[in-house]
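Have a look at the structure below, then the notes.
Letters A, B, ... are given to chains in the order of the sequence lines, protein chains preceding strands, and every chain is numbered from 1.
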Protein chains: 2
Amino acid sequence: MYFCTHVILYCMTLSEENYLKAIYHLSAKSGIAVTTNDLADAMDTKASSATDMIKKLADKDFVNYKKYQGATLTKEGRLIAASIVRKHRLWEVFLVEKLNFNWDEVHEVAEHLEHIKSDKLIEELDAYLDYPTVDPHGDPIPDKYGEIQAGKKVPLSSLKPSEKGLCVGVKNTSKEFLQYLDKIEIALGIELTIIEKEVFDGSVTIAYKEFQKNISAVAAANLYVRKI
Amino acid sequence: MYFCTHVILYCMTLSEENYLKAIYHLSAKSGIAVTTNDLADAMDTKASSATDMIKKLADKDFVNYKKYQGATLTKEGRLIAASIVRKHRLWEVFLVEKLNFNWDEVHEVAEHLEHIKSDKLIEELDAYLDYPTVDPHGDPIPDKYGEIQAGKKVPLSSLKPSEKGLCVGVKNTSKEFLQYLDKIEIALGIELTIIEKEVFDGSVTIAYKEFQKNISAVAAANLYVRKI
DNA sequence: TTTTAAATTTAGACAAATCTAAAAATAGTT
DNA sequence: AACTATTTTTAGATTTGTCTAAATTTAAAA
């Protein structure tokens, strides 16, 4: 099984790709069929537009659809959506690692780059970046078969004193939070060790680099790590 | 004067950008106003569609237009068109130098990449590629003010025996010609020395690398060099 | 279980970019 | 200068993705 370039290349509009991607993200979260309203909200449009597009995607066998029952991805739809997410995240890695972008600057540009259609481009980019498995926010990059290989990420707040974690991403992607992390010099790939957790407010004292700092429960819940 | 990002970012559709670029290329060739038919041919569409788009671009003050008199670029239109050509050619350099693309593979992908709108992206890319002045075909890359700095290129056939040229591009960009050049190992940046020109058929004997070969008048006319 | 509220779909309209076919303007030729 | 032939423009239709408003279905509550 492999990405169906022909389909992607010849048959999908920008709008179709974006809807498919939104369905992919929403169904990953909920695990069940994506509702018309949720899809419309995600796409910042109206329910009637979402219905129209779901029908079109169903006609092309990218989603399963029964009236009033929401949409789920077909195998082919999931593969295409995964390929778009793959491209998005690879471009994000490129922007951060090669072009000096910050965490909080890459998303918008990657939203456009993800729609460039060229198998060679993405394969070469993947190789050029040395086959990364997570993007700059720690989100996993699907492989070319649409499968996610990266290990599970957990919030920093779930670690106990003396446990160590590799910083792999954030839950809250707001500019404010990312800039806060920049300020205290926490970045992707940093090793963190839990020193102590305050019972009364959930704040966590962590050691990393040459620092030892205390961060709030909110911050700890929004920082993803992979246990090491 | 600088690229008007706001205009590019917020006001131009893909189609408008492509038409503007086509007008830029056509008027560079002829120097005079671009006719509706020529524009339609270049865009592989019908004259009526070209008229419609010219009107729209004229409304936005990107072209000067009088009925039946064709179109010329305004200062702002030229700047935007140049920025698109700049992006196209920078991406071509990136694809060849970093992602192992060949001369004859880059154009199609660059056609899409050129429409990605981000000042930071293109500035960083430019720096990352070390400020190239020509693309892999030897065509000049406009600077960020829309100006072309690169030296003039001339066909190899215009050189006389014992003159040397740096291979900077091709006139004929057909896959066949580019593959022919690959085969005889002529590439961008190669130094060529004219050994001899045959009077009867215009063919040229050239020395380069460890080779000494004879190429036809047609080939020599389609290979651009910069005298050195 | 019936009624009400919410979610979803349909119907009809609109803007963008295109087309075909017909009308209008320009240019070339005698 | 008048007449073709070509070029260009206009008018009206089509497709895609969107909208609003109304109709329909499902879900929740009394």
Side-chain angles (χ1 to χ4, degrees), chain A residues 7-23 26-27 29-30 32-72 77 80-81 84 111-112 115 117, chain B residues 7-23 26-27 29-30 32-72 77 80-81 84 111-112 115 117:
Chain A
V7 175
I8 299 172
L9 200 51
Y10 296 117
C11 301
M12 299 206 69
T13 68
L14 194 68
S15 202
E16 287 172 345
E17 288 197 355
N18 282 327
Y19 271 94
L20 210 58
K21 185 179 54 149
I23 296 170
L26 289 170
S27 55
K29 264 178 203 157
S30 73
I32 55 171
V34 174
T35 68
T36 305
N37 263 1
D38 284 354
L39 183 55
D41 282 354
M43 292 298 296
D44 201 21
T45 181
K46 297 300 159 73
S48 54
S49 304
T51 299
D52 287 346
M53 186 54 84
I54 289 173
K55 280 189 199 166
K56 201 195 298 186
L57 293 172
D59 278 349
K60 298 187 175 186
D61 282 321
F62 298 147
V63 303
N64 305 114
Y65 172 60
K66 269 194 201 162
K67 271 192 190 179
Y68 298 98
Q69 305 305 133
T72 58
I80 295 172
I84 298 166
E111 282 291 295
H112 293 102
H115 299 290
K117 289 161 192 71
Chain B
V7 176
I8 298 173
L9 199 52
Y10 296 117
C11 301
M12 300 206 69
T13 66
L14 194 68
S15 201
E16 286 172 346
E17 288 197 356
N18 282 326
Y19 272 95
L20 209 60
K21 186 180 53 149
I23 296 170
L26 288 170
S27 56
K29 263 179 203 158
S30 73
I32 54 172
V34 174
T35 67
T36 305
N37 263 0
D38 284 353
L39 183 55
D41 282 354
M43 291 299 295
D44 200 22
T45 182
K46 298 299 158 75
S48 54
S49 304
T51 300
D52 288 345
M53 185 55 83
I54 290 173
K55 281 190 198 166
K56 200 194 300 187
L57 293 172
D59 278 349
K60 300 188 173 184
D61 283 321
F62 298 146
V63 303
N64 305 115
Y65 171 61
K66 270 194 200 160
K67 271 192 190 179
Y68 298 99
Q69 303 305 133
T72 59
I80 294 173
I84 298 167
E111 282 291 295
H112 294 102
H115 299 290
K117 289 162 191 70

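We find that OH of Tyr68(B) is positioned 7 Å from P of dT26(C), with the value rounded to whole Å. Straight-line distance from the CD atom of Glu16(B) to the P atom of dA15(C): 16 Å, rounded to whole Å. Protein atom CG of Asp52(B) is 10 Å distant from nucleotide atom C1' of dA16(C), rounded to whole Å. The CE atom of Met12(B) sits 14 Å away from the C1' atom of dA16(C) (whole-angstrom rounding). Atom-to-atom, NZ of Lys66(A) to P of dT25(D) comes out at 16 Å; the value is rounded to the nearest Å. Separating the NZ atom of Lys55(B) from the P atom of dA16(C) is a distance of 14 Å, rounded to the nearest angstrom.
Residue Met53(A) places its side chain closer to dT18(D) than to any other of dT9(D), dT26(D), dT18(D). Set against dT8(C), dT18(C), dT8(D), the side chain of Thr35(A) has dT8(C) as its closest nucleotide. Distance from the side chain of Lys67(B) is smallest for dT10(D) among the nucleotides dA25(C), dT18(D), dT10(D). Comparing dT26(C), dT18(C), dT9(D) by their nearest atom to the side chain of Gln69(B) picks out dT26(C).
Proximity of Lys21(A) to Asn18(A): side-chain heavy atoms (C-beta onward) are separated by under 4.5 Å at one or more points.
A heavy atom lying under 4.0 Å from DNA chain C marks the following residues of residues 37-50 of chain A, by number: Asn37(A), Ala47(A), Ser48(A).
In this structure, His112(A) has no side-chain hydrogen bond (donor to acceptor under 3.5 Å, both in side chains) partners at least two apart in sequence or on a different chain. The side chain to side chain contact (heavy atoms under 4.5 Å, CB included) search around Asn37(A) returns Thr35(A), Ala47(A), not counting sequence neighbours. Legend: residues meeting side chain to side chain contact (heavy atoms under 4.5 Å, CB included) with Ser48(A), ordered by chain and number and at least two apart, are Lys46(A). For the side chain to side chain contact (heavy atoms under 4.5 Å, CB included) test, no residue two or more places apart in sequence or in another chain qualifies with Asp52(A).
Phosphate contact (OP1/OP2 of dA16(C), side-chain N/O of Tyr19(B), threshold under 4.0 Å): absent.
Heavy atoms from other residues, nucleotides or ligands lying under 6.0 Å from CG of Asp44(B) number 12 at most.
At a threshold of 4.0 angstrom between heavy atoms, the contacts of Thr51(B) include nucleobase atoms, whether or not backbone atoms are also involved.
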Just distance, no hydrogens or angles: give the donor-acceptor pairs under 3.5 Å from side chains in residues 60-69 of chain B, sequence neighbours left out.
from: Lys60(B); atom 1: NZ; to: Cys11(B); atom 2: O; distance (Å): 2.9
from: Lys60(B); atom 1: NZ; to: Glu16(B); atom 2: OE1; distance (Å): 3.2
from: Lys60(B); atom 1: NZ; to: Glu16(B); atom 2: OE2; distance (Å): 2.9
from: Asn64(B); atom 1: OD1; to: Thr72(B); atom 2: OG1; distance (Å): 3.2

